[in-house]
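In what follows, a single structure is set out as structure tokens and then discussed.
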Amino acid sequence: MSEQQPVRVQLALDRMTIQEAITMAKQVEQHVDWIEVGTSLIKEFGIESVRQMKQAFPHKIIVADIKTFDNAKYEFELCFEAGADVATVMGAAPDATLELCMQTARRYQGQTMIDLLSVSPDRIQDLERYTDAVLCHHVSKDEQEHNGQKAGQSNRHEAHATSNANHATPQIAVAGGITLTTLPTILQQSPSVIIVGSAITQAAQPQQAAQQIREQINQFAIPNVNPLASL
Ligand SMILES: O=C([C@H](O)CO)[C@H](O)[C@H](O)COP(=O)(O)O
């Protein structure tokens, strides 16, 4: 891993109310860089969840995990108008959707995170042309609950991370059941963003859990002191 590369912690907030999400984020904000308004919040409470999160945390990067699959311009405009800094699209979506997400994000000086759920290795290589995007290797909630899978159990993004060392590549994010135990393996694979939900939000002491995750990451990389500067 390059020692220059900051590793950001993205707090994923799912399956709670907007107010619970804001309260949780306030507890742990000093240990996280990016705050994700989870898909479940957007589905349950709408784009208002993104708006309220940005109002509560104007200086944090807010990720709207909208998981767009179609209607890209409309959905991404909703996210960025509500204050999101990053919005997500599924990598399995048609190229037209990906293009429109990238264009819309750039127009708002925002960033696109491409979720690689159910995306083939060939398609991942194809998506690497979006060098200003973040590619998110994701073990889904259902794969976790139904198959017992967790991020970091395979090296499926390692080849990607190392094979393009000589030219610009997208940043890499990793998500899906990440815990303190699985973190060391994941960190060896050079991610830029570590996405953690349940290991913090379901912990008996979320603040302590977030601090431990941050401390373990700090052993591998220089901490990101100004997350806004990374956009
Ligand atoms: O995107 C997510 C998932 O699809 C919805 O729960 C989560 O943000 C992501 O999986 C991180 O959450 P944990 O798996 O609970 O760490």
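Numbers for residues simply follow the sequence, beginning at 1. We count ligands from 1, going down the list as the structure has it; atoms in each ligand are counted the same way.
With a 4.0 Å heavy-atom cut-off, ligand 1 is reached by no atom of T201. The residue E145 has no part lying near ligand 1, judged by heavy-atom distances below 4.0 Å.
Atoms of ligand 1 lying under 4.0 Å from at least one heavy atom of D65, given by number and element, are 1 (O). Atoms of ligand 1 found under 4.0 Å from any heavy atom of A12 (numbered from 1 in listed order, with element): 8 (O), 11 (C). Under a 4.0 Å criterion applied to the non-hydrogen atoms of Q144, ligand 1 contributes the atoms 14 (O). Atoms of ligand 1 lying under 4.0 Å from any heavy atom of E36, numbered from 1 in the order shown and given with element: 8 (O).
Of the listed residues (H138, K141, K150), the one carrying the non-hydrogen atom nearest atom 2 (C) of ligand 1 is H138. The residue from G38, A175, G197, A151 that puts a heavy atom closest to atom 12 (O) of ligand 1 is G197.
Taking 4.0 Å as the cut-off between side-chain N and carboxylate O, D85 and K60 do not count as a salt-bridged pair. Looking at E48 and R51, a side-chain N of the basic residue comes within less than 4.0 Å of a carboxylate O on the acidic one, giving a salt bridge. Using a 4.0 Å cut-off between charged side-chain N and carboxylate O, D33 and R214 make a salt bridge. In this structure, R123 pairs ionically with D95, as a charged nitrogen and a carboxylate oxygen lie closer than 4.0 Å.
The distance criterion of under 3.5 Å between nitrogen or oxygen atoms is not met by T39 with respect to ligand 1. Note: an N/O pair closer than 3.5 Å links G177 and ligand 1 by distance alone.
The shortest contact between atom 5 (C) of ligand 1 and any protein heavy atom is with D14 OD2, 3.7 Å. Scanning all protein heavy atoms for the shortest distance to atom 15 (O) of ligand 1 gives S198 OG, 2.5 Å. Protein heavy atom at the shortest distance from atom 6 (O) of ligand 1 is R15 NH1, 3.0 Å.
Under a 4.0 angstrom heavy-atom cut-off, Q202 registers as lying outside contact with ligand 1. Note on ligand 1: A199 sits outside its first shell, no heavy atom being nearer than 4.0 Å.
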Inset, instruction - Could you please spell out the steps behind the side chain to side chain donor-acceptor pair (under 3.5 Å) verdict for Q219 and E215? - result: CA-CA 7 Å; Q219 291 172 6; E215 284 172 357; over 6 Å; no
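Side-chain atoms of T39 and K67 include a donor-acceptor pair closer than 3.5 Å. When only modelled atom types and interatomic distance are considered, Q208 and Q212 share no side-chain donor-acceptor pair under 3.5 Å.
Residues satisfying the ring-ring contact (aromatic ring centres under 6.0 Å, His included) test with Y108, not counting sequence neighbours, are F80.
Considering V174, I217, T179, V7 as possible partners of I186, the one that fulfils the side-chain contact (heavy atoms from CB on, under 4.5 Å) test is V174. Put simply, the residue from L117, V119, L98 that forms a side-chain contact (heavy atoms from CB on, under 4.5 Å) with M90 is L117.
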